[in-house]
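Report on the structure given below.
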Amino acid sequence: MIRDELTALVEQALAAAQSAGDLPEFAAPEVELEHPQRPEHGDYSANLPLRIQGLAHMKAVEVAEALRAHVPAHEAVAAVEVAQPGFLNFRFDDGWLAAQTPVIASDAAYGSSQAGAGQRLQIEYLSANPTGPVHIANARGGVIGSTLASVMRAGGYEVEEEYYINDSGSQAAIFGRTLYARYQQLFGRDAEIPENGYPGEYMVEIAQVIKDEAGDRYLKPEGEEHDPALDRVGIDAMTGQIREDLKLIGVEYDGWFSERTLQVEGGPYDHVLSELRERGHIVERDGAVWFASSQLGESKDNVIIRSDGAPTYFATDIAYHYDKLTDRGFDRVIDIWGADHQGHVSRLKSSLDALDIDSERLHVLLYQLVSLRRGTEVVPLSKRAGEIITLREVVEEVGSDATRYFFLATSPNSAIEFDLELAQKQSEENPVFYVQYAHARIAGVLDKAAGEGLSSEGADPALLTHEAERTLLRKLLLLPEILEQVVETLEPQPLPHYAQELAGAFHVFYTQCRVVDEDNEALSRARLLLLEATRVVLARTLSLMGVSAPDQM
RNA sequence: GCCCUCGUAGCUCAGUGGAUAGAGCACUGGCCUCCGAAGCCAGGGGUCGCAGGUUCGAAUCCUGCCGAGGGUACCA
């Protein structure tokens, strides 16, 4: 991308200035260019002179002058200027800028890179317990995860998206007991929902579906334990519903991984346990088996097998990550978790290190929790509370595009509040429509032009000299940098903000520059080309966010 | 108590070492005989929680304090 080329110019200027004796020899920090806020400061700015003034024992402005004298010529650069208190500013050449239009317009994958080429990356996200429907707070992880997956693919990674199904353990057991109670009730028995069970109505619906399909196959004599096969049927039904609900917001996985399969004889769970035991990381105490994590600098030990013989979530999670990072051979794994799992990060990483797996290959991205409100009233989110606001309900009211945009535009580090009462209103005011409207407008103009027999064929981009045209072009050139930033920080929020800026630049252009003009066909063709380039970048940005790019609204 | 995250315009939030801190919503005023007014233009509104420190330069980094959310289970 252009920024890297200009960065190289500064590095070359430094080396040349030093070898010419205009600057003393010293090891300089890495050169980084930034975008000045004010247009009069140019398109890119290097603060290197300010950072090395001490090393050079010179005033920053003098350093900048020495560098400027050695900056090699470049087709994209019209001017290199020194500004107080010691910046080195670069200004684009208008001809070069305009010439980027056809390059962008013809590259549907504009902004892609090969940063992750040859690396297999797994992103695991959402993975809500399959003990109830997906609710709106779960959706935040789904939107972040699916967007990151798209962006990482654009960054050259080979990406697999996975949902980890917690189908064993105590929550699954309680789910099974609740389901059996509901199932029995359908046969007229006076069964009670267990304490800490799942009282929601959806359990009745699942029981009904099972009864419709299997009749009384799972009905045992009163007082007898229920058939564990019922649990699996129930979990499968719930998982199927989750899968369908997530499609509503454009979340689809490459794989669904069952926690239970880790525990087969001789599987990852057995292996990890014996491996940890051999390496001396296991202690037994109070009838339970512990991972001796305090020896590894953790604040405490952690139970991995409870005194009732059942593995904890932590134990199977070690096995799960072992499986991903060794057996399945991913180079990197990204887990996206709600902040309520924050305490789990450090002990999981320490367990991987204990198994000689470099825990740096695992990135856990935490997002702060979503709270729900209806007006001034706080709505509880727990599945074990009666009321559940499902993702499906919210999406049907607010729409997938507005929901995704809402979750993408805020930093994962900020807790957010979803107000159901304002959801509809907020959706109408959602900036996503501002962006989509830009896309629809472009489609409309291209359509009109085609109707009049006009196209961008043979366009001369050098005619794009209007201030609004150049501003728009400058925005188009930013996409590669935005994608690189998301790949590096694993935070998606630059995408929607960029989309909004780009749409804004387009709307200004549209207001000031008439595209289809019978009296000036050459200019019309050039502007149509600019529209095509803008459409490529807008559509690409929206597509990476999982938001639709409509031709009409 | 200890650990993690947050505190920026009336509201919702961007901005994580640069030059005069931004956007959307809300508010005030203006712009459609002309490609979509879901748009554009102009305006008001800020001690960037508080106090120190580091730096040529701090909303951004460090320390302390205040406030909010989360964690600190033989739940997941």
Side-chain angles (χ1 to χ4, degrees), chain A residues 32 34 36-38 40-41 45 47 49-51 53-54 59-60 83-87 89 127-129 131 166 168-174 196 259 285-290 299-300 302-314 316-317 337-346 366-369 371 384 406 409-417 419 422 425-426 428-438 440-449 451-452 454 489 493-494 496-497 500-501 503-504 506-517 524 527-528 531 552-553:
Chain A
E32 281 173 7
E34 61 200 0
Q37 283 176 11
R38 306 180 65 78
E40 62 264 33
H41 293 144
S45 177
N47 62 7
L50 288 153
R51 296 174 64 199
Q53 56 182 324
K59 284 184 178 170
Q84 291 288 348
F87 291 100
N89 296 334
S127 300
N129 273 346
T131 52
N166 298 123
S168 86
S170 56
Q171 296 309 316
I174 293 169
N196 295 322
E259 178 185 3
R285 187 164 68 232
D286 306 330
V289 177
W290 302 67
S299 56
K300 60 183 181 58
N302 291 280
V303 171
I304 56 177
I305 302 178
R306 303 190 306 228
S307 51
D308 67 5
T312 59
Y313 167 80
F314 178 46
T316 51
D317 219 22
W337 297 348
D340 53 339
H341 288 58
Q342 165 260 123
H344 185 59
V345 177
S346 167
L366 297 172
Y367 61 90
Q368 297 298 313
L369 299 184
S371 56
R384 273 163 277 178
F406 175 78
T410 57
S411 163
N413 286 334
S414 297
I416 52 180
E417 202 168 66
D419 188 331
L422 291 177
K425 184 168 172 291
Q426 281 170 347
E428 284 161 12
E429 292 159 359
N430 195 299
V432 75
F433 297 122
Y434 178 82
V435 178
Q436 291 179 317
Y437 181 55
R441 263 182 154 179
I442 291 170
V445 178
L446 291 174
D447 222 40
K448 177 185 164 69
E452 300 184 11
L454 259 182
T489 63
Q493 71 273 24
H497 294 286
Q500 223 167 317
E501 267 183 44
F506 164 75
H507 286 308
V508 171
F509 158 77
Y510 183 86
T511 305
Q512 298 186 9
C513 301
R514 186 170 177 85
V515 178
V516 180
D517 181 355
S524 293
R527 286 180 169 168
L528 285 169
L531 281 196
Q552 287 178 24
M553 292 176 69

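Per chain, numbering begins at 1; letters A, B, ... match sequence-line order. Computed from a predicted model, the values in this text were never measured in an experiment.
Stem list for RNA chain B (at least 3 consecutive Watson-Crick or G-U pairs, distances under 3.5 Å): B:1-7 with B:66-72, B:10-13 with B:22-25, B:27-31 with B:39-43, B:49-53 with B:61-65.
When distances run from any side-chain atom of A/Pro431 to the nucleotides B/G36, B/G24, B/C3, the shortest one goes to B/G24. Taking every side-chain heavy atom of A/Arg51 into account, B/C56 is the closest of B/G36, B/A14, B/C56. You'll find that the side chain of A/Phe433 is closest to B/A38, out of B/A38, B/A76, B/U20.
For the salt bridge (charged side-chain N to carboxylate O under 4.0 Å, His left out) test, residues two or more places apart in sequence or in another chain that qualify with A/Glu452 are A/Lys448. By the side chain to side chain donor-acceptor pair (under 3.5 Å) test, A/Gln342 is found to be paired with no residue, residues two or more places apart in sequence or in another chain being considered.
A/Arg514 contributes a side-chain N or O that, together with a main-chain N or O of A/Val516, makes up a donor-acceptor pair within less than 3.5 Å.
Side chain to side chain, A/Thr316 and A/Glu259 meet the donor-acceptor criterion of an N or O pair below 3.5 Å.
Across all strands, A/His41 comes closer than 4.0 Å to base atoms (heavy-atom distances). Residue A/Ala83 is classed as a base contact, given a heavy-atom separation below 4.0 Å to a base. Residue contacts for A/Gln493: at a heavy-atom cut-off of 4.0 Å it reaches the sugar-phosphate backbone alone, with no base atom in range. Among the heavy atoms of the strands lying under 4.0 Å from A/His341 is at least one base atom, whether or not backbone atoms are also near. A/Gln37 comes within 4.0 angstrom of the backbone, heavy atoms only, and of no base. At a threshold of 4.0 angstrom between heavy atoms, the contacts of A/Leu366 with the nucleic acid are absent. Using a 4.0 Å heavy-atom cutoff across all strands shown, A/Ala440 reaches at least one base atom of the nucleic acid. Among the atoms of the strands shown, only primed sugar atoms or phosphate atoms (P, OP1, OP2) are found under 4.0 Å from some heavy atom of A/Leu369.
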Mind listing the N/O atom pairs, protein and nucleotides 31-35 of chain B, below 3.5 Å?
{"unit_1": "B/C34", "atom_1": "O2'", "unit_2": "A/Arg514", "atom_2": "NH1", "d": "2.6"}
{"unit_1": "B/C34", "atom_1": "O2'", "unit_2": "A/Arg514", "atom_2": "NH2", "d": "3.3"}
{"unit_1": "B/C35", "atom_1": "O4'", "unit_2": "A/Arg514", "atom_2": "NH2", "d": "3.2"}
{"unit_1": "B/C35", "atom_1": "O2", "unit_2": "A/Val516", "atom_2": "N", "d": "2.9"}
{"unit_1": "B/C35", "atom_1": "N3", "unit_2": "A/Val515", "atom_2": "N", "d": "2.8"}
{"unit_1": "B/C35", "atom_1": "N4", "unit_2": "A/Tyr510", "atom_2": "O", "d": "2.8"}
{"unit_1": "B/C35", "atom_1": "N4", "unit_2": "A/Cys513", "atom_2": "O", "d": "2.6"}

Return the polar atom pairs (N/O with N/O) between nucleotides 5-11 of chain B and the protein under 3.5 Å, or none.
{"unit_1": "B/U5", "atom_1": "O2'", "unit_2": "A/Asn413", "atom_2": "O", "d": "2.3"}

Output one line per pair: protein atom, nucleotide atom from nucleotides 72-74 of chain B, and distance, for all N/O pairs under 3.5 Å.
{"unit_1": "B/C74", "atom_1": "O2", "unit_2": "A/Ser307", "atom_2": "N", "d": "2.6"}
{"unit_1": "B/C74", "atom_1": "O2", "unit_2": "A/Ser307", "atom_2": "OG", "d": "2.8"}
{"unit_1": "B/C74", "atom_1": "N3", "unit_2": "A/Ser307", "atom_2": "OG", "d": "3.1"}
{"unit_1": "B/C74", "atom_1": "N4", "unit_2": "A/Asp286", "atom_2": "O", "d": "2.5"}

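The separation between A/Glu501 atom CD and B/A14 atom P is 15 Å, rounded to whole Å. As rounded to whole Å, 15 Å separates atom P of B/G57 from atom CD of A/Gln84. In this entry the distance linking CD1 of A/Ile416 with C1' of B/U12 reads 11 Å, nearest Å. The separation between A/Glu34 atom CD and B/U16 atom P is 11 Å, rounded to whole Å. Between the NE2 atom of A/His507 and the P atom of B/G24 there is a distance of 11 Å, rounded to whole Å. Here B/U16 presents its C1' atom at 13 Å from CD of A/Glu32, a figure rounded to the nearest Å. The distance from atom CG of A/Leu50 to atom P of B/G57 is 11 Å, rounded to the nearest whole Å. What separates CG of A/Asn302 from P of B/C75 is a distance of 12 Å, to the nearest Å.
Among A/Val289, A/Thr312, A/Asp286, the one residue that satisfies the side-chain contact (heavy atoms from CB on, under 4.5 Å) test with A/Val303 is A/Thr312.
A sub-4.0 Å separation between OP1 or OP2 of B/A76 and a side-chain N or O of A/Ser170 is present. Here A/Tyr434 reaches the OP1 or OP2 of B/C40: one of its side-chain N or O atoms lies under 4.0 Å away. Distances shorter than 4.0 Å separate none of the side-chain N or O atoms of A/Gln500 from OP1 or OP2 on B/G22.
Between A/Phe314 and A/Ala339, the residue anchored closer to the 5' end of RNA chain B is A/Ala339, taking for each the nucleotide with the nearest heavy atom.
Within 6.0 Å of CD in A/Glu40 there are more than 12 heavy atoms belonging to other residues, nucleotides or ligands.
A donor N or O paired with an acceptor N or O is found under 3.5 Å between the base of B/A19 and the side-chain atoms of A/Asn89. With hydrogens and angles ignored, no donor-acceptor pair closer than 3.5 Å exists between the side chain of A/Thr410 and the base of B/A14.
Ring-to-base geometry places A/Phe87 in a stacked arrangement with B/A19 (centre distance under 5.5 Å, plane angle under 30°).
Taken from CG in A/Asn166 to CG in A/Asp317, the straight-line distance is 8.0 Å, to the nearest 0.5 Å.
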